[in-house]
Amino acid sequence: ENRKLFLFTEDGGSTLKANGIAIYNIGTKTSWGEAPSFVSSLTGQANGNSAIVADDYGFYVSQYRGAGSNGAGVPAVSYYNMNGQRLWASDADEIKEVLNGCQRGGFAVNKERNLLAIHDAAGQFVFFDVNSTAEGITVTYKYTYKHGMSDVLQMDFDYAGNLVVAAGT
């Protein structure tokens with residue numbers, strides 16, 4: 001089995017990069033006492049309050065970005081290949097037009113890995129069609145849903161494809 005543990009290394013340390021990634025290739029092991037299998041800094045990651053979602057070809061990492069802060073160099077959400085190379089970021093012009101930051105770093109990817117939802121700083125969920133392959137990723141705006149919640153804390157898609165949200169209010 002190809003089980004992996006993805007760890008966002010906000011504060012880093014002697015062997016880990018600050019605001020980077022550590023990947024442990026656990027496989028079928030029931031315990032782990034080794035160094036990470038892969039460690040890398042991540043282009044554009046400037047702060048914590050992040051989330052990670054992996055697929056077969058790479059992984060998404062978000063970071064808290066307030067309203068108006070999905071800018072060049074420090075995007076709300078990025079997608080990296082398994083070598084830590086950024087392939088896509090939400091600071092692309094066509095995405096910046098519809099995405100206003102990333103409140104609390106909140107985002108989710110459905111189980112089929114073809115739909116991305118980001119909670120932006122304008123109090124809305126912004127949905128994108130995604131297609132990731134060994135060659136790269138494409139991300140296309142789908143729609144926006146304005147909601148009345150002020151503090152979305154966690155979000156994920158259930159197995160039926162519904163977006164499930166935990167909010168403070």
| message | So for atom NZ, which belongs to Lys96, do other residues, nucleotides or ligands contribute more than 12 heavy atoms lying within a distance under 6.0 Å? | response | yes
| task | For Asp156 and Ala108, indicate whether the former's side chain and the latter's backbone hold a donor-acceptor pair under 3.5 Å. | result | no
| message | For His147 and Phe125, I'd like to know if the aromatic rings sit close, meaning centre-to-centre distance below 6.0 Å. | response | yes
| query | Any donor-acceptor pair under 3.5 Å linking the side chain of Arg65 with the backbone of Pro75? | reply | no
| With no hydrogens and no angle check, do the side chains of Lys4 and Asn2 hold a donor and an acceptor under 3.5 Å apart? | yes
| task | Without swapping roles, check the side chain of Ser132 against the backbone of Ile137 for a donor-acceptor pair under 3.5 Å. | result | no
| field | Over all atoms of both residues, closest heavy-atom pair of Gly84 and Leu42 | value | O-CD2, 4.3 Å
| Salt bridge flag under 4.0 Å for residues Lys29 and Glu34 | yes
| said: In terms of relative ring orientation, are Phe107 and Tyr60 parallel, tilted or perpendicular, with 30° and 60° separating the classes? | reply: tilted
| query | Of all heavy-atom pairs between Val126 and Tyr141, which one has the smallest distance, and what is that distance? | reply | CG1-CE1, 3.8 Å
| field | Minimum heavy-atom distance between Gly58 and Tyr79, given as atom pair plus value | value | N-OH, 3.1 Å
| Donor-acceptor under 3.5 Å (Asp55 side chain, Phe59 main chain) | no
| request: Determine the minimum heavy-atom distance between Val61 and Ser50, stating which atoms define it. | output: CG1-CB, 4.4 Å
| query | Looking at Tyr159, is Lys111 sitting on its ring face, NZ or CZ under 6.0 Å from the six-membered ring centre and within 45 degrees of the normal? | reply | yes
| message | Tell me the closest heavy-atom pair linking Gln45 and Ser62, and the distance in Å. | response | NE2-O, 3.6 Å
| query | Distance-only, no hydrogens or angles: does the Asn162 side chain make a donor-acceptor pair with backbone N or O of Val164 under 3.5 Å? | reply | no
| request: Give a yes or no answer on whether the side chain of Asn83 reaches the backbone of Gln85 with a donor-acceptor pair at less than 3.5 Å. | output: no
